[in-house]
Amino acid sequence: DVEKRVTALRSIKYPKLKNISIEHSIEFIDKFVAEDFFHEHFASLRKDRGEFFDISQDDVDWFKSLNSEDLFDLLCV
């Protein structure tokens, strides 16, 4: 649930993120597989050991261009 995730990020754990918003989401049958894919894809850009990555605007634009079908295709390669 994307809303629950955003609420958690806005919590005490990450107080600097109180103003975050959802710009794009992708529905996928297995959210854990999808999340693992993106964590692996951006692994070299991970900041510390947390949930955050130092990605470029091009990376953001690419991610925002994806839909469920695109993600399925990426995972099946």
Side-chain angles (χ1 to χ4, degrees):
D1 182 345
V2 175
E3 287 296 331
K4 285 183 183 177
R5 191 79 181 256
V6 171
T7 299
L9 289 172
R10 287 181 182 135
S11 73
I12 282 294
K13 188 174 181 182
Y14 302 108
K16 292 182 180 179
L17 299 179
K18 289 189 187 286
N19 295 323
I20 64 170
S21 62
I22 300 168
E23 290 190 29
H24 180 69
S25 66
I26 304 170
E27 280 192 40
F28 198 71
I29 193 164
D30 189 331
K31 67 181 180 181
F32 299 108
V33 169
E35 184 174 8
D36 285 347
F37 169 79
F38 288 113
H39 277 238
E40 187 175 318
H41 182 81
F42 293 115
S44 66
L45 303 173
R46 183 182 296 275
K47 295 178 81 171
D48 303 319
R49 294 184 179 177
E51 285 283 320
F52 301 98
F53 298 82
D54 190 16
I55 61 176
S56 69
Q57 186 61 50
D58 286 343
D59 294 327
V60 172
D61 293 341
W62 171 74
F63 180 83
K64 288 170 64 173
S65 76
L66 298 175
N67 60 35
S68 298
E69 191 174 302
D70 296 329
L71 181 55
F72 182 82
D73 291 346
L74 286 168
L75 292 170
C76 290
V77 171

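- Between Asp73 atom CG and Ser68 atom OG the span is 11.0 Å, to the nearest 0.5 Å.
- For Glu27, the CD atom sits in a loose shell: 12 or fewer heavy atoms of surrounding residues, nucleotides or ligands are nearer than 6.0 Å.
- Here the shortest heavy-atom pairing between Phe28 and Ala34 reads CD2-CB, 4.1 Å.
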Report task. Start with the C-alpha distance between Phe37 and Leu71, add both sets of side-chain angles, then the distance that settles side-chain contact (heavy atoms from CB on, under 4.5 Å), and finish with yes or no. Result -> CA-CA 9 Å; Phe37 169 79; Leu71 181 55; 4.1 Å; yes

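- Within the 3.5 Å criterion, the main-chain N or O of Val33 finds no donor-acceptor partner in the side chain of Asp36.
- Expressed to the nearest 0.5 Å, how far CG of Asp30 lies from CD of Glu35 amounts to 10.5 Å.
- By the rule that hydrophobic residues join a cluster once side-chain heavy atoms approach within less than 4.5 Å of another member, Ile22 and Phe52 end up as members of one cluster.
- Between Phe38 and Ile55 there is no side-chain heavy-atom pair separated by less than 4.5 Å.
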Report task. For His41 and Trp62, run side-chain contact (heavy atoms from CB on, under 4.5 Å): C-alpha distance rounded to whole Å, both residues' side-chain angles, the deciding distance at 0.1 Å, then the answer. Result -> CA-CA 12 Å; His41 182 81; Trp62 171 74; 3.8 Å; yes

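- Taking hydrophobic clusters as Ile, Leu, Val, Met, Phe, Trp and Tyr residues chained together by side-chain heavy-atom distances below 4.5 Å, Leu75 shares a cluster with Ile29.
- Residues His39 and Phe53 approach most closely at ND1-CZ, 3.9 Å, considering heavy atoms.
- Across His24 and Lys64, no two heavy atoms sit closer than the pair CE1-O, 3.3 Å.
- The neighbour count for Phe72 CZ, taken as heavy atoms of other residues, nucleotides or ligands under 6.0 Å away, does not exceed 12.
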